[in-house]
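Let me begin by presenting the structure, written as structure tokens, before commenting on it.
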Amino acid sequence: MKYMLLIYSDENVWGEGEQERCYQDSVKLTQDLHAKGQYLGASPLHSVATATSVQMRDGKRLVTDGPFAETREQLGGYFLIEAEDLDEAIAIAGRIPSVHKGTVEIRPLIELTGLPSGQ
């Protein structure tokens, strides 16, 4: 089953050099997952300050700068993985370096037929 691991943390808790080390450790984790056939994708996201939110209300598109919700933690990145079950997805989430600074939310994907295949 495919799982999306959404990484949330407070962008302001990262010390100098910590985020770069986290990226490097995350790349190592993706290589390990790839070797096991579990890697489908991953990427950090730019700061929430670069976010643009889009809503449609009464047929009108509303575009605002910044995230839609005011939260203490922001979505900072994701891993898309293949795991046997939720227990295995939890084990992988526990290996994501930024789990020590924030939260990793695990969501199973709904696989729709007819979607174009990835690269």
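Below, each value reflects all heavy atoms present in this structure, side chains not excepted, and no hydrogens, waters or symmetry copies. Quick caveat, the model's predicted, so the values are computed rather than measured.
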Practice problem: Mind checking the CG-CG spacing from Leu80 to Leu6? Nearest 0.5 Å is all I need. | Solution: 10.0 Å

Quiz prompt | Within one Ile-Leu-Val-Met-Phe-Trp-Tyr cluster: Leu86 and Leu33, side-chain cutoff 4.5 Å | solution = yes

Quiz item: What's the shortest heavy-atom distance between Thr103 and Glu73, and which atoms?
Solution: OG1-OE1, 3.3 Å

Quiz item: Who passes side chain to side chain contact (heavy atoms under 4.5 Å, CB included) against Met1, sequence neighbours left out?
Solution: Tyr3, Pro108

Quiz prompt | Residue of the set Asp25, Ile7, Val13 for which side-chain contact (heavy atoms from CB on, under 4.5 Å) holds with Ser98 | solution = Ile7

Exercise. Give, for atom CE of Met4 and atom CD1 of Ile106, the distance between the pair rounded to the nearest 0.5 Å.
Key: 12.5 Å

Exercise. Identify, with sequence neighbours excluded, every residue that meets side chain to side chain donor-acceptor pair (under 3.5 Å) alongside Ser9.
Key: Trp14

Exercise. Decide whether Ile90 and Val99 are clustered together by the hydrophobic rule: side chain heavy atoms of Ile, Leu, Val, Met, Phe, Trp, Tyr closer than 4.5 Å, transitively.
Key: yes

Self-check item: Listed once per pair and sorted, the salt bridge (charged side-chain N to carboxylate O under 4.0 Å, His left out) pairs that draw on residues 40-56, sequence neighbours left out
Solution: none

Exercise. Determine yes or no for a side-chain-to-main-chain donor-acceptor pair under 3.5 angstrom, with Asp58 supplying the side chain and Lys60 the backbone.
Key: no

Output side-chain donor-acceptor pairs under 3.5 Å for residues 38-48, partner residues at least two apart or in another chain, one line each.
from, atom 1, to, atom 2, distance (Å)
Gln38, NE2, Glu88, OE2, 3.0
Tyr39, OH, Ala42, N, 3.4
Ser47, OG, Glu11, OE1, 3.1
Ser47, OG, Ala49, N, 3.1

Exercise. Only pairs at least two apart or in different chains count here, so list each salt bridge (charged side-chain N to carboxylate O under 4.0 Å, His left out) that has a residue in residues 91-109.
Key: Glu18-Lys101, Asp32-Arg95, Glu105-Arg107

Practice problem: Look up atom CD1 in Ile81 and atom NZ in Lys2, then write down how far apart they are to the nearest 0.5 Å. | Solution: 12.0 Å

Self-check item: side chain to side chain contact (heavy atoms under 4.5 Å, CB included) evaluation trace for Ile96 with Phe79
Solution: CA-CA 9 Å; Ile96 295 174; Phe79 279 69; 3.6 Å; yes

Self-check item: For Glu20, salt bridge (charged side-chain N to carboxylate O under 4.0 Å, His left out) partners two or more places apart
Solution: none

Exercise. Identify whether Val104 and Ile92 are in the same connected component of the hydrophobic contact network (ILVMFWY, side-chain heavy atoms under 4.5 Å).
Key: yes

